[in-house]
Trainee: 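Let me give you the structure first, and then I'll get to my questions.
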Amino acid sequence: MTSTRLLIVGPQGSGKGTQGARIAEAFGIPVVSTGDIFRANIKEGTDLGKQVKAITDAGDLVPDEITFAIVRERLEQPDAADGFLLDGFPRNVAQVALLDEFLGGRGDALDAVIELDVPREESLQRISLRAQSEGRSDDTEAAIAHRLDIYERETAPILAVYRTREVVDTIDGVGSLDEITARIIAALEARGLARDAAA
Ligand code: AMP
């Protein structure tokens, strides 16, 4: 049984949610998306949801301790024991350290970090389309621009850390959904990561 531990990184509107789901399915691993977990809690009105609603609506980052607590709880579930695809965490260098400590404690590490490369203009266009169709409460124009700024300032630097570990695959995120998925799968297979035979 092989394990595949992946992280997908890209600015909002890069398609990382869509591609992450496709890649997780192909490799037979669960997606662990902090944004989805926060949104589900907000929708259900849990204490966590109440705590993070204003922060996520403004496009700010939820404090690291709160975010890491939900990630750790999710990664400790049995279905994530043999691999997972992280989407949305880590989002800054401090969160990389928290994840390293957690995975290192189990003798694990990320096998690959997929960077979806999409120009800012294209990301902005895709998010405003999503805002029209999904009506996410954090997809206001101000929050979108703020999230992209945070990505550039806080999240892009995590790639430098992972580059030193030679685990980053930078994928051109412009093209059809199928083309982009095929590019990612080719990069992961080139690392010797095997797709799930049943998928
Ligand atoms: P996403 O769906 O990944 O864009 O996440 C939606 C929102 O959830 C973000 O704008 C943040 O407010 C919050 N969030 C998601 N992941 C994290 C994280 N790793 N650290 C802090 N805040 C996060």
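When a ligand or atom number is given, it counts from 1 through the structure's own listing order. Treat the numbers as computed from the prediction; the structure is a model and nothing was measured.
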Trainee: Please report the closest heavy-atom contact between Ile180 and Gly175, naming both atoms and the distance.
Mentor: CD1-O, 3.5 Å
Trainee: Considering only heavy atoms of Phe38, which atoms of ligand 1 have at least one such atom less than 4.0 Å away?
Mentor: 8 (O), 13 (C), 14 (N), 15 (C), 23 (C)
Trainee: Which residue and non-hydrogen atom of the protein lie closest to atom 1 (P) of ligand 1, and at what distance in Å?
Mentor: Arg91 NH2, 3.5 Å
Trainee: Is it true that the side chains of Ser123 and Gln12 contain a donor and an acceptor less than 3.5 Å apart?
Mentor: no
Trainee: Using a strict cut-off of 4.0 Å, indicate which atoms of ligand 1 neighbour a heavy atom of Arg147.
Mentor: 10 (O)
Trainee: Checking a contact table here: which protein heavy atom is nearest atom 7 (C) of ligand 1, and how many Å away?
Mentor: Thr56 CG2, 4.0 Å
Trainee: Below 4.5 Å, heavy atoms only, C-beta onward: do Phe38 and Thr67 meet side chain to side chain?
Mentor: yes
Trainee: For Glu141, is the CD atom crowded, meaning more than 12 foreign heavy atoms sit under 6.0 Å from it?
Mentor: no
Trainee: Looking at Asp60, which atoms of ligand 1 are within less than 4.0 Å of one of its heavy atoms?
Mentor: 11 (C), 12 (O)
Trainee: Write out the residue and atom name of the closest protein heavy atom to atom 16 (N) of ligand 1, then the distance separating them to 0.1 Å.
Mentor: Thr34 OG1, 2.7 Å
Trainee: Are Phe89 and Val32 packed together at the side-chain level, in the sense that at least one heavy-atom pair is separated by less than 4.5 angstrom?
Mentor: no
Trainee: Give the residue and atom name of whichever protein heavy atom lies nearest to atom 20 (N) of ligand 1, and the separation in Å to one decimal.
Mentor: Gln95 NE2, 3.0 Å
Trainee: Looking only at protein heavy atoms, identify the closest one to atom 6 (C) of ligand 1 and say how far it is in Å.
Mentor: Arg39 NH1, 3.6 Å
Trainee: Which atoms of ligand 1 are found less than 4.0 Å from any heavy atom of Thr67?
Mentor: 18 (C), 19 (N), 20 (N), 21 (C)
Trainee: Does Lys16 approach ligand 1 within less than 4.0 angstrom via side chain, backbone, both or neither, non-hydrogen atoms only?
Mentor: side chain
Trainee: Run the numbers for me: atoms of ligand 1, each under 4.0 Å from some heavy atom of Gly88, listed by number.
Mentor: 16 (N), 17 (C), 18 (C), 19 (N)
Trainee: Should we say atom CD of Gln125 is surrounded by more than 12 heavy atoms from elsewhere, each under 6.0 Å from it?
Mentor: no
Trainee: Of all the heavy-atom pairs spanning Pro157 and Glu152, show the shortest one and how long it is.
Mentor: CD-O, 3.8 Å
Trainee: Which atoms of ligand 1 are found less than 4.0 Å from any heavy atom of Phe89?
Mentor: 19 (N)
Trainee: Scan Thr34, Leu98, Ile37 and name whichever one has a side-chain contact (heavy atoms from CB on, under 4.5 Å) with Val71.
Mentor: Thr34
Trainee: Strictly by modelled atom types, are Thr170 and Asp117 linked by a side-chain donor-acceptor pair under 3.5 Å?
Mentor: no
Trainee: Can you see which heavy atom on Thr164 is nearest to which on Val161, and at what distance?
Mentor: OG1-O, 2.6 Å
Trainee: Can you check whether Ile55 has an N/O within less than 3.5 Å of an N/O in ligand 1?
Mentor: no
Trainee: What do you reckon, does Asp87 have a nitrogen or oxygen under 3.5 Å from a nitrogen or oxygen of ligand 1?
Mentor: no
Trainee: Give the residue and atom name of whichever protein heavy atom lies nearest to atom 22 (N) of ligand 1, and the separation in Å to one decimal.
Mentor: Val62 N, 3.0 Å
